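By convention here, the first residue in the shown sequence is residue 1. Since we're looking at a predicted model, the values are computed, not measured.
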Amino acid sequence: MSSQVDETQTLWRSYRANPGDQALRDRLILTYAPLVKYVAGRLGSGLPAHVEEEDLVSYGLLGLIGAIERFDPDRDIKFETYAIARIKGAIIDELRSLDWVPRSVRARAREIERAIATLEAKLHRPPSDEEIAKQVGITVEELEDSLTDISRSSIAALDELWTIGGSGGDQVALIDTIEDTEAPSPESSLSQTELKEALGEAIARLPEREKLVVTLYYYEELTLREIGEVLGVTESRVSQLHTKAILRLKARLSGASQRADDA
């Protein structure tokens, strides 16, 4: 393991000394290619069946190449951390350019997110499914169906909620396929530190089952199927809980952004 690390460091030193050397760049691509597979697998788990993982990998490779070419070793950040953000950005940029998310799903996601924000401001607690459904003007069964549709067509994820574009485009911007392009974006009003703190607080306020899903998925890295086994529910139900948690978090971050604007 140590020899492999030493070899990688030597490879980086050689590439930095000869940034135009294609052979060295290609060796770095091969070294870090498993990162692309990992990111593509994580993103692909929540996408419709017609989205091929091989396509996601090809999109992600472009992000990896860009990361290798633009990485500044003098910055206090690990290459893997930097590369994962670039890989995700490349994959999601390509998916968004294809516009494969149905407009009706985008619209319903925005309705639910706004309903959650309105109810939380009014009730000062997380609203129940019944309250959310009533606010949107649908039944609880229709809400569950909508959450399933959103989960199948959405790549919104917790780690995208606080990723902010930096100067020079070195970081990926806030990304998910159900964004409201007409609404003010949270990252435009909050600093990265403030947004991380707001996200941490928002996660702590989630209903227990949704918080558990978030913890098991993002921190313990269990799959949705494995989480279902832990909770004793179906994978589909876990997917609904995950989607509802993300919509709650988006609503709260939007509220935090609005408060920052008003301050």
Side-chain angles (χ1 to χ4, degrees), residues 1-12 14-16 19 21-73 75 77-98 100-101 151-163 165 169-177 213-229 235 238-239 242-243 246:
M1 183 68 177
S2 178
S3 61
Q4 184 178 357
V5 172
D6 292 341
E7 182 180 344
T8 301
Q9 291 175 342
T10 299
L11 185 57
W12 269 115
S14 298
Y15 182 68
R16 287 198 293 268
D21 191 317
Q22 296 296 307
L24 290 173
R25 189 197 69 165
D26 290 347
R27 287 176 62 189
L28 284 169
I29 292 171
L30 289 174
T31 298
Y32 292 104
L35 283 180
V36 179
K37 185 74 173 177
Y38 167 77
V39 174
R42 291 284 288 179
L43 290 178
S45 65
L47 298 181
H50 70 268
V51 179
E52 299 288 342
E53 185 172 322
E54 290 78 6
D55 291 335
L56 302 184
V57 169
S58 67
Y59 306 151
L61 279 172
L62 296 176
L64 174 61
I65 292 170
I68 290 171
E69 293 177 343
R70 300 183 61 174
F71 181 62
D72 181 358
R75 294 178 60 181
I77 183 174
K78 290 179 60 178
F79 174 75
E80 289 83 353
T81 302
Y82 175 78
I84 284 174
R86 300 285 299 187
I87 292 165
K88 285 180 181 176
I91 293 174
I92 295 176
D93 282 348
E94 183 62 29
L95 288 173
R96 289 175 67 179
S97 72
L98 298 175
W100 52 269
V101 180
S151 69
R152 286 173 177 169
S153 60
S154 169
I155 45 181
L158 176 60
D159 51 358
E160 312 307 336
L161 290 177
W162 55 266
T163 307
D170 285 342
Q171 291 176 290
V172 103
L174 180 71
I175 43 179
D176 75 83
T177 57
V213 168
V214 166
T215 300
L216 293 176
Y217 187 74
Y218 292 101
Y219 296 97
E220 301 300 328
E221 297 192 344
L222 271 63
T223 65
L224 297 182
R225 179 184 58 78
E226 290 169 337
I227 296 172
E229 293 175 357
E235 182 176 344
V238 175
S239 183
H242 171 264
T243 299
I246 295 301

How far apart are the closest heavy atoms of Ala40 and Val57, and which atoms are they? CB-CG2, 3.8 Å

So, taking the atom named CG in Leu216 and the one named CG in Leu224, what distance separates them when rounded to the nearest 0.5 Å? 10.5 Å

Going by side-chain contact (heavy atoms from CB on, under 4.5 Å), name the residues that satisfy it together with Ile65, two or more places apart in sequence or in a different chain. Arg25, Ile29, Glu69

Just jot down the side-chain hydrogen bond (donor to acceptor under 3.5 Å, both in side chains) partners of Tyr15, sequence neighbours excluded, or say none. none

Hits for salt bridge (Lys or Arg N to Asp or Glu O under 4.0 Å) against Glu53, two or more places apart or cross-chain, chain-then-number order -> Lys37

Do Tyr82 and Arg70 come within less than 4.5 Å of each other through their side chains, counting heavy atoms only? yes

Criterion side chain to side chain contact (heavy atoms under 4.5 Å, CB included) against Tyr217, the qualifying member of Ile227, Leu222, Thr223: Ile227

What closest approach, in Å, do Ile84 and Val39 show between heavy atoms, and which atom pair accounts for it? CG2-CG2, 4.0 Å

Gap between atom CG of Leu62 and atom CD1 of Ile87 - 0.5 Å precision: 10.5 Å

Tell me whether the rings of Trp12 and Tyr32 are parallel (<30°), tilted (30 to 60°) or perpendicular (>60°). tilted

Could I get the full list of salt bridge (Lys or Arg N to Asp or Glu O under 4.0 Å) partners for Glu229, not counting sequence neighbours? Arg225

Side chains of Phe79 and Ile68, heavy atoms from C-beta outward: is any pair under 4.5 Å? yes

What distance separates Leu24 CG from Thr10 OG1, expressed to the nearest 0.5 Å? 11.5 Å

What are the two closest heavy atoms between Leu35 and Ala83, and how far apart are they? CD1-CB, 4.1 Å

All heavy atoms of Ile91 vs all of Tyr59, minimum pair found to be CA-CB, 3.9 Å

Would you find a donor on one side and an acceptor on the other, under 3.5 Å apart, between the side chain of Ser239 and the backbone of Glu235? no

Quick one: list whatever passes side-chain contact (heavy atoms from CB on, under 4.5 Å) with Asp72, sequence neighbours left out. Asp74, Arg75

